[in-house]
Amino acid sequence: ELKVEQNPLFLSMQEGKNYTIYCNYSTTSDRLYWYRQDPGKSLESLFVLLSNGAVKQEGRLMASLDTKARLSTLHITAAVHDLSATYFCAVDNAGNMLTFGGGTRLMVKP
Amino acid sequence: GAGVSQTPSNKVTEKGKYVELRCDPISGHTALYWYRQSLGQGPEFLIYFQGTGAADDSGLPNDRFFAVRPEGSVSTLKIQRTERGDSAVYLCASSLTRSSPLHFGNGTRLTVT
């Protein structure tokens with residue numbers, strides 16, 4: 001059974017600081033996704049990572065994938081309040097039937 | 001263009017009642033998925049349709065849950081004899097093919113009292 005674990009579950013950080021969210025998964029995967037979810041809203045796709053060593057960046061967020069370690073990271077650079085949300089990683093090993101991590105609730109304080 | 005549409009956005013029902021949740025996918029998307037997100041958790045896969053057929057229903061928690069997609073477009077998730085533990089946000093997603101990016105709807109928040 002595929003298991004996906006994120007840490008930390010909750011992260012409170014100051015604006016301007018850097019931090020990393022970790023996503024570990026237990027079996028080989030085709031693809032790994034990062035999603036953002038604002039309270040009461042649906043899931044917004046941020047990144048899809050397809051191969052070992054893949055790195056993608058959008059604004060202050062950068063995601064990477066190490067398939068050998070079964071680890072993905074989401075790095076936040078110089079956080080701003082607008083990044084406050086819950087972030088999920090999700091592993092796809094069967095055609096869009098995703099297994100999600102438990103989420104990391106990020107609060108960025110002024 | 002229009003995204004994945006789910007109705008109703010909120011549903012409150014009493015324990016033991018029957019509910020139907022509707023999903024209207026993006027036009028032309030052959031693959032449709034239902035997920036369930038309990039409070040404070042990540043979404044969990046329920047069922048996947050390819051066209052009209054349920055290709056994988058391994059995520060349905062028990063036989064009170066059933067879903068259909070009779071014409072290969074709109075799908076309905078049906079829950080019989082609802083229980084308080086069924087309270088969650090039910091998310092629908094669609095994709096052009098199984099390997100195309102998923103597009104999620106805004107979900108239906110089901111509350112069983």
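Just so it is clear: chains get the letters A, B, ... in the order the sequence lines come, proteins before strands, and each one is counted from 1. Below, all heavy atoms of this structure are taken into account, side chains as well, without hydrogens, waters or symmetry copies. Every value quoted in this text rests on a predicted model; they were computed, and no experiment measured them.
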Discussion item. Does anything in residues 96-110 of chain A reach chain B? List residues with heavy atoms under 4.5 Å apart, or say none.
Written reply: N96(A), M97(A), L98(A), F100(A), G101(A), G102(A)
Worksheet entry | Residues Y33(B), F104(B); criterion ring-ring contact (aromatic ring centres under 6.0 Å, His included); working and verdict | CA-CA 9 Å; Y33(B) 305 78; F104(B) 281 89; 8.6 Å; no
Worksheet item: In Å and rounded to the nearest 0.5 Å, what is the OG1 to CG distance from T13(B) to L110(B)?
Response: 7.0 Å
Worksheet item: Any chance the side chains of Q50(B) and Y48(B) put a donor and an acceptor closer than 3.5 Å?
Response: yes
Worksheet, complete the sentence: Answer key: most heavy-atom pairs under 4.5 Å with chain A among P43(B), S99(B), A55(B) is P43(B)
Worksheet item: Counting N and O atoms only, with roles assigned by atom type, does the side chain of D56(B) sit under 3.5 Å from a partner on the main chain of I47(B), one being a donor and the other an acceptor?
Response: no
Worksheet item: Who among L46(B), L102(B), N106(B) has the most heavy-atom pairs with chain A under 4.5 Å?
Response: L102(B)
Practice prompt. For the pair Q6(A) (side chain) and C89(A) (backbone), establish whether a donor and an acceptor sit closer than 3.5 Å, ignoring hydrogens and angles.
Written response: yes
Practice prompt. Tabulate, in ascending numerical order, the residues of residues 75-83 of chain A having at least one heavy atom closer than 4.5 Å to a heavy atom of chain B, or enter 'none'.
Written response: none
Worksheet item: Got a donor-acceptor contact below 3.5 angstrom from the Q37(A) side chain to the K41(A) backbone?
Response: yes
Fill in: Short side-chain to backbone donor-acceptor contact, D57(B) and L60(B), under 3.5 Å
no
Worksheet item: What part of S58(B) lies closer than 4.5 angstrom to a heavy atom of chain A: side chain, backbone, both or neither?
Response: neither
Item to complete: Heavy-atom distances under 4.5 Å only: say whether E44(A) touches chain B with side chain, backbone, both or neither.
Response: neither
Worksheet item: With a 4.0 Å cut-off, would you call D38(A) and R36(A) a salt bridge?
Response: yes
Practice prompt. Please answer whether the main-chain N or O of P25(B) pairs with a side-chain N or O of S94(B) as donor and acceptor at a distance below 3.5 Å.
Written response: no
Discussion item. With a 3.5 Å distance limit and no angle check, can you tell me whether S72(A) reaches the backbone of S64(A) through a side-chain donor-acceptor pair?
Written reply: yes
Worksheet item: Heavy-atom distance under 4.5 Å to chain A: side chain of Q6(B), backbone, both or neither?
Response: neither
Practice prompt. Give a yes-or-no answer on whether the side chains of N52(A) and T67(A) include a donor-acceptor pair shorter than 3.5 Å.
Written response: yes
Item to complete: Consider only side-chain heavy atoms of I, L, V, M, F, W and Y, link residues closer than 4.5 Å, and tell whether Y87(A) and M13(A) are in one cluster.
Response: yes
Discussion item. Please classify the contact of A94(A) with chain B as side chain, backbone, both or neither, using a heavy-atom distance under 4.5 Å.
Written reply: both
Worksheet entry | Expected output: side-chain T73(A) to main-chain T20(A) donor-acceptor under 3.5 Å | no
Discussion item. Let's test your reading of the structure: which of R109(B), Q41(B), Q37(B), E44(B) forms the most heavy-atom pairs below 4.5 Å with chain A?
Written reply: Q37(B)
